[in-house]
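One structure below.
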Amino acid sequence: MDESQREQYWRTNLRLMTALLSVWFIVSFGFSILLVEQLNKIVVLGFPLGFWFAQQGSIITFVILIAIYVWRMDRLDDDYGVSDRGPTDVNR
């Protein structure tokens, strides 16, 4: 991989991380702290929604975002030919 490809690879990786961490920030800080009073007015399965986001929602969201990051990075590695999983079909 030449220098321009490395820079493009890193830029794409940073954009992906920024997007995913922004979603996590909105869910964990926004919903669990800033909007907790408004969300607590909504009750789901007997629990206030703000409480649910603070206790479970941000954790579940983080795990889902990790899975998305792994999936997207596997595709990015394949696109740039740096996958450590062996030969794959790059034209998916």
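- Remark: side-chain polar atoms of S32 are paired, donor with acceptor, to backbone N or O of F53 under 3.5 angstrom.
- V23 and I26 fall within a single hydrophobic cluster, where Ile, Leu, Val, Met, Phe, Trp and Tyr are joined by side-chain heavy atoms under 4.5 Å apart, directly or via other members.
- Note that OG1 of T18 is 13.5 Å distant from CZ of F25, once rounded to the nearest 0.5 Å.
- Clustering ILVMFWY residues whenever any of their side-chain heavy atoms sit less than 4.5 angstrom apart, transitively, puts M17 in the very cluster that holds I64.
- In this structure, CG in L20 is found 11.5 Å from OG1 in T61, a value given to the nearest 0.5 Å.
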- Residues L14, W10; criterion side-chain contact (heavy atoms from CB on, under 4.5 Å); working and verdict: CA-CA 6 Å; L14 287 177; W10 185 242; 3.2 Å; yes
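- Scanning all heavy atoms of the two residues, the minimum distance from Y80 to Q5 falls at CE2-O, 3.6 Å.
- Between E7 atom CD and T12 atom OG1 the span is 11.5 Å, to the nearest 0.5 Å.
- Between S83 and D78, the shortest heavy-atom distance links the atoms CB-OD1, 3.1 Å.
- Atoms CZ and CD, from R11 and Q8 in turn, are 5.0 Å apart once rounded to the nearest 0.5 Å.
- Connection of L21 to L76 is established within a shared hydrophobic cluster, with ILVMFWY side chains joined at heavy-atom distances below 4.5 Å, either directly or through further cluster members.
- Using a 4.5 Å cut-off between side-chain heavy atoms of Ile, Leu, Val, Met, Phe, Trp and Tyr, with links allowed through other members, V43 and V36 fall into different hydrophobic clusters.
- Residue F51 belongs to a hydrophobic cluster whose other members are F47, with links defined by side-chain heavy atoms closer than 4.5 Å.
- Distance check, rounded to the nearest 0.5 Å: OG of S28 to CD1 of I59 gives 10.5 Å.
- One hydrophobic cluster, built from ILVMFWY side chains closer than 4.5 Å, holds both V27 and I68.
- Under a 3.5 Å cut-off, the side chain of N13 and the backbone N or O of Y9 do not form any donor-acceptor pair.
- At least one side-chain heavy atom of I60 sits less than 4.5 Å from a side-chain heavy atom of W52.
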